[in-house]
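Letters A, B, ... are given to chains in the order of the sequence lines, protein chains preceding strands, and every chain is numbered from 1. Every value quoted in this text rests on a predicted model; they were computed, and no experiment measured them. FYI, side chains are in, hydrogens and waters are out, and symmetry mates aren't considered; it's all heavy atoms of this structure.
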There are 2 protein chains.
Amino acid sequence: MKDTDMYIPTYQDMLDAHERIRPHIRRTPVRTSDYLNELTGAELFFKCENFQEPGAFKVRGATNAVFGLSEDQAAKGVATHSSGNHASCLSYAAMLRGIPCNVVMPHTAPQAKKDTVRRYGGKITECEPSTSSREATFAKVQEETGGDFVHPYNDPRVIAGQGTCSKELIEQTDGLDMVVAPIGGGGMISGTCLTLATLAPETKVIAAEPEQADDAYRSFKAGHIIADDAPKTVADGLLVPLKDLTWHFVKNHVSDILTASDPEIVDAMKLTWKHLRVVMEPSSAVPLATILKNPNVFKGKRVGVIITGGNVDLDRLPWMKG
Amino acid sequence: MKDTDMYIPTYQDMLDAHERIRPHIRRTPVRTSDYLNELTGAELFFKCENFQEPGAFKVRGATNAVFGLSEDQAAKGVATHSSGNHASCLSYAAMLRGIPCNVVMPHTAPQAKKDTVRRYGGKITECEPSTSSREATFAKVQEETGGDFVHPYNDPRVIAGQGTCSKELIEQTDGLDMVVAPIGGGGMISGTCLTLATLAPETKVIAAEPEQADDAYRSFKAGHIIADDAPKTVADGLLVPLKDLTWHFVKNHVSDILTASDPEIVDAMKLTWKHLRVVMEPSSAVPLATILKNPNVFKGKRVGVIITGGNVDLDRLPWMKG
């Protein structure tokens, strides 16, 4: 693959990002559970990014992008298309700086997601739930507002921001054998690779993916990006495909990608709620599900696990169904 | 009231308890939420005792009692009657020291509670769900085992242990105007009073109680202990009445007792799950429910809130009913 068109963020970019965003994000705690350690035979360190104010690690990358803008650009604000945590985290970051944030979102997106974006002052422009409508709508919004496009993951500022999470995790623990994080578009995994390659090169990075949206797994095995056609999984934060920048990190730095089925993900989610007593999204349970499924990979190891987000509809928990 | 028969734990007892239990408990984090601060107009500091390994503050008092036993007494173990967090926390503490723990519990207690006690090595003797059966069964168990009786709350060792929670909370914050904690039997509130009376005498202690089990509120207003006859509330950790030792602290040190209805408690529970993203019991939501109900009491104040426990049946959440 040629990387000529893209800027690959560096370790220094991540360090700069951490200085930039430190006043605006939380240094989230690391939780442990004797019970889950016994169950897995590993020593697990859960980094609670669900405890960020807007409930997801994505506030790191969003804040880095927003606070890195020049005054001129900042006056025009930022824009993105997302119906997930990136939309609310970018709105939140823009609110902190006091600049506009425009979000293009399908009109079919859950009301709760729209409400959160609006609570943080984000302006929503609705589109049809199709790629063509989204792209046309977004182009129009960007032209009208001049807002800086902050992609949910395929953006060096975003990846550098997400990398600050692993920096804290390493600082908060005494060395880790591996770090496991969920993979969707690959922003968190890329940031993790970026940071650990320099800060803790002996620490392996393992990506965890839902079986029912295993495009990254298949890309990893095939050696080129494969995108799923409309995947469906309970881990609805992980539906999007890799892009060139995140593929660069996955291809070059990820040790392995492990997958888990939806029932395994839901079981792991309940286990975490019960024994860590934290509220997290199904997407955040994929790492523990893969750890439980592959005990020999993790037994006896010190394993960092990134709990990526905690925004979940309490009236529609996955185990309420059926 | 004459206090001649009882030993009132001192501030030094609490300090000794903290030294004794420190290796065995967690220094739980304090969480904040910009959203909940805006909603209440107060600055709220949530002390997450639900993050103790067995999921409740009661591990503090239980560990203090267990690790304070002489070797001779420890060999005979401990005993209690409880079907709640005290039973599992005492079993957990006894497991840590490697001594027997006998628990008398009605055969009607939820299977999950029995499973937890047994997981920690506690031995359950079942009784009928009546006071007379419980007392007779407990007397028999204690006679047979010689186990030291650790009352769930009316025990100076337990109160001194619970007081360590507020010591940490004060250390973790820069001064508080008030601390709000739920009140059932009064163990946590008594420990809070014990600690704050010396460490932060300007910090008020407010007890929060379910309207449907408001025996402490009525006792406080009447000036003597009133016990409810079989109260029923979603906050099922707060059903038991005050006893002489906890009444001593309530009567002399508590600034006020505020109450909230069951629907208000459930709303506050959901709000906390959603915005703090922690799993907590209905009992632990009573403080926030009273804060939301009495905004003028708390507006502009720095308020410590003790999240007492996080053991909840995920398949029977209160908002699933109906």
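One finds the CE atom of B:Met320 at 5.5 Å from the CG atom of A:Leu317 (value rounded to the nearest 0.5 Å). Rounding to the nearest 0.5 angstrom, the gap separating the CD atom in B:Glu53 from the CG atom in A:Asp34 is 3.5 Å. In this structure, the separation between CZ on A:Arg277 and CD on B:Glu281 is 8.5 Å, given to the nearest 0.5 Å.
When every heavy atom of A:Val279 is checked against every heavy atom of B:Val279, the shortest pair comes out as CG2-CG2, 3.8 Å.
For B:Gln52, the part lying near chain A is the backbone, with the side chain staying farther off; criterion is any non-hydrogen pair under 4.5 Å. Heavy-atom distances place no part of B:Tyr120 under 4.5 Å from chain A, backbone and side chain included.
No more than 12 heavy atoms of other residues, nucleotides or ligands shown are found within 6.0 angstrom of NZ on B:Lys274. Within a 6.0 Å sphere centred on NZ of A:Lys114, heavy atoms belonging to other residues, nucleotides or ligands number more than 12. In B:Lys123, the NZ atom is not crowded: 12 or fewer heavy atoms of neighbouring residues, nucleotides or ligands sit closer than 6.0 Å.
Note on A:Val312, A:Leu314, A:Asp313: by heavy-atom pairs under 4.5 Å with chain B, the leading option is A:Leu314.
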